[in-house]
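First up is the structure itself, then whatever we jot down about it.
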Amino acid sequence: MHHYIIANWKLNHDRDSTIEWLIEFQQKFQSVASVKVGIAPSFTQINLVADFLNNWNLWGKIDLIAQDVSRFAKGRYTGEVAAFQLKRYGVKAAIVGHSERRSNFKESDQDIVEKIQRLCEKEILPIIAVSKLEQVEFLAKAKALEQETIIVYEPIEAIGTGHSADPDNVNKIVEGILKIKESNLLKILYGGSVDAKDVSDYFSCPKLGGFLVGTASVKAREFLKLLEKIG
Ligand code: PGA
């Protein structure tokens with residue numbers, strides 16, 4: 001089973017720096033069967049990353065991932081980006097429920113359920129970020145985990161702080177997620193200050209299927225170092 005490693009660029013990179021990142025990455029990236037990579041740019045860079053994957057024949061080795069999606073399918077929702085628009089560019093999966101969206105944009109568990117529904121309607125894989133088991137329970141009760149999903153455990157205190165979570169605690173939450181019924185889980189990932197220095201600490205979590213990487217993915221060099229540790 002491969003590890004899934006997602007570069008979540010968040011609100012970083014414009015057109016030029018995206019091109020620089022992609023060129024550096026392509027020159028040095030050694031594809032190995034044990035690691036699958038996803039890149040999650042801002043919406044404005046989705047087209048550019050899609051072109052890059054086309055030109056270098058990298059679809060299949062690298063997945064294009066959206067950082068979010070609208071909970072609406074279409075219509076009078078100024079500023080929103082819908083699942084059907086993402087699909088058009090070959091977006092394979094979308095992150096929903098990230099704690100930065102929950103806290104900065106007041107997204108509720110019910111919003112996340114609706115986003116998951118919109119993604120499933122367009123056959124885009126939901127990558128659901130959670131910081132507590134109760135959030136997973138809510139989704140299970142709302143029948144939002146019946147179709148294939150990936151869940152990312154991201155404790156709030158570990159995100160962007162440089163203090164990654166204790167692997168034993170991560171293991172406990174992973175076990176807790178696996179016990180929640182009515183799910184069709186492809187993988188459970190961990191996210192929160194993962195970098196090349198500490199990623200190997202999590203090799204002791206047998207059921208962890210990979211990582212969502214923010215800060216350590218902004219520079220291609222750092223992200224490549226992290227991949228080397230895993231591959
Ligand atoms: P971080 O971000 O690696 O900077 O902690 C992870 C995430 O929020 O996805």
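When a ligand or atom number is given, it counts from 1 through the structure's own listing order.
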What atoms of ligand 1 come closer than 4.0 angstrom to any heavy atom of [X]?
X: S193; answer: 1 (P), 3 (O), 5 (O)
X: G160; answer: 1 (P), 4 (O), 5 (O)
X: A158; answer: 5 (O)
X: E154; answer: 6 (C), 7 (C), 8 (O), 9 (O)
X: G192; answer: 5 (O)
X: L212; answer: 6 (C), 9 (O)

### Task
List the steps, then state whether side-chain contact (heavy atoms from CB on, under 4.5 Å) holds for F43 with Q85.
CA-CA 10 Å; F43 290 133; Q85 296 170 313; over 6 Å; no
#### Entry: Atom CG of N104 with >12 non-hydrogen neighbours under 6.0 angstrom
yes
### Task
May I ask you to check whether over 12 heavy atoms, not counting those of E123, lie within 6.0 Å of atom CD?
no
### Message
Using heavy atoms and a 4.0 Å limit, tell me yes or no: is G191 in contact with ligand 1?
### Response
no
### Query
Under 4.0 angstrom from ligand 1, any heavy atom of A216?
no
### Query
When you measure from atom 8 (O) of ligand 1 to every protein heavy atom, which one gives the shortest distance, and what is it?
H98 NE2, 2.7 Å
### Query
Closest non-hydrogen protein atom to atom 2 (O) of ligand 1, residue and atom name please, with distance?
K10 NZ, 3.1 Å
### Message
Any nitrogen or oxygen of G214, side chain or backbone, less than 3.5 Å from one on ligand 1?
### Response
yes
### Query
If you measure every N/O of T161 against every N/O of ligand 1, is any gap under 3.5 Å?
no
For residues 186-214, which side-chain N or O atoms pair as donor and acceptor with protein atoms under 3.5 Å away, sequence neighbours left out?
from: K187; atom 1: NZ; to: H2; atom 2: O; distance (Å): 2.7
from: Y190; atom 1: OH; to: A165; atom 2: N; distance (Å): 2.8
from: Y190; atom 1: OH; to: G192; atom 2: O; distance (Å): 2.8
from: S193; atom 1: OG; to: A158; atom 2: O; distance (Å): 2.6
from: S193; atom 1: OG; to: T161; atom 2: N; distance (Å): 3.3
from: S193; atom 1: OG; to: G162; atom 2: N; distance (Å): 2.8
from: D195; atom 1: OD1; to: K197; atom 2: N; distance (Å): 3.0
from: D195; atom 1: OD1; to: D198; atom 2: N; distance (Å): 3.1
from: D195; atom 1: OD2; to: K197; atom 2: NZ; distance (Å): 3.4
from: D198; atom 1: OD1; to: D195; atom 2: N; distance (Å): 3.0
from: D198; atom 1: OD2; to: S164; atom 2: OG; distance (Å): 2.8
from: Y202; atom 1: OH; to: A165; atom 2: N; distance (Å): 3.2
from: Y202; atom 1: OH; to: A165; atom 2: O; distance (Å): 2.5
from: S204; atom 1: OG; to: D201; atom 2: O; distance (Å): 3.1
from: K207; atom 1: NZ; to: E175; atom 2: OE2; distance (Å): 3.2

### Query
Going through the checks in order, is the salt bridge (Lys or Arg N to Asp or Glu O under 4.0 Å) test met by K106 and D111?
CA-CA 9 Å; K106 306 287 172 269; D111 293 334; over 6 Å; no
### Message
With side-chain hydrogen bond (donor to acceptor under 3.5 Å, both in side chains) as the rule and sequence neighbours excluded, what pairs involving residues 217-228 come up?
### Response
none
### Close side-chain approach of E154 and H98, heavy atoms under 4.5 Å
yes
### Note, N12 side chain near W21 side chain (heavy atom, < 4.5 Å)
no
### Query
Can E107 and K115 be said to form a salt bridge (Lys or Arg N to Asp or Glu O under 4.0 Å), step by step?
CA-CA 10 Å; E107 288 187 4; K115 288 179 179 214; 2.8 Å; yes
## Note on the structure
With heavy atoms and a 4.0 Å threshold, my read on which part of T215 contacts ligand 1 is both
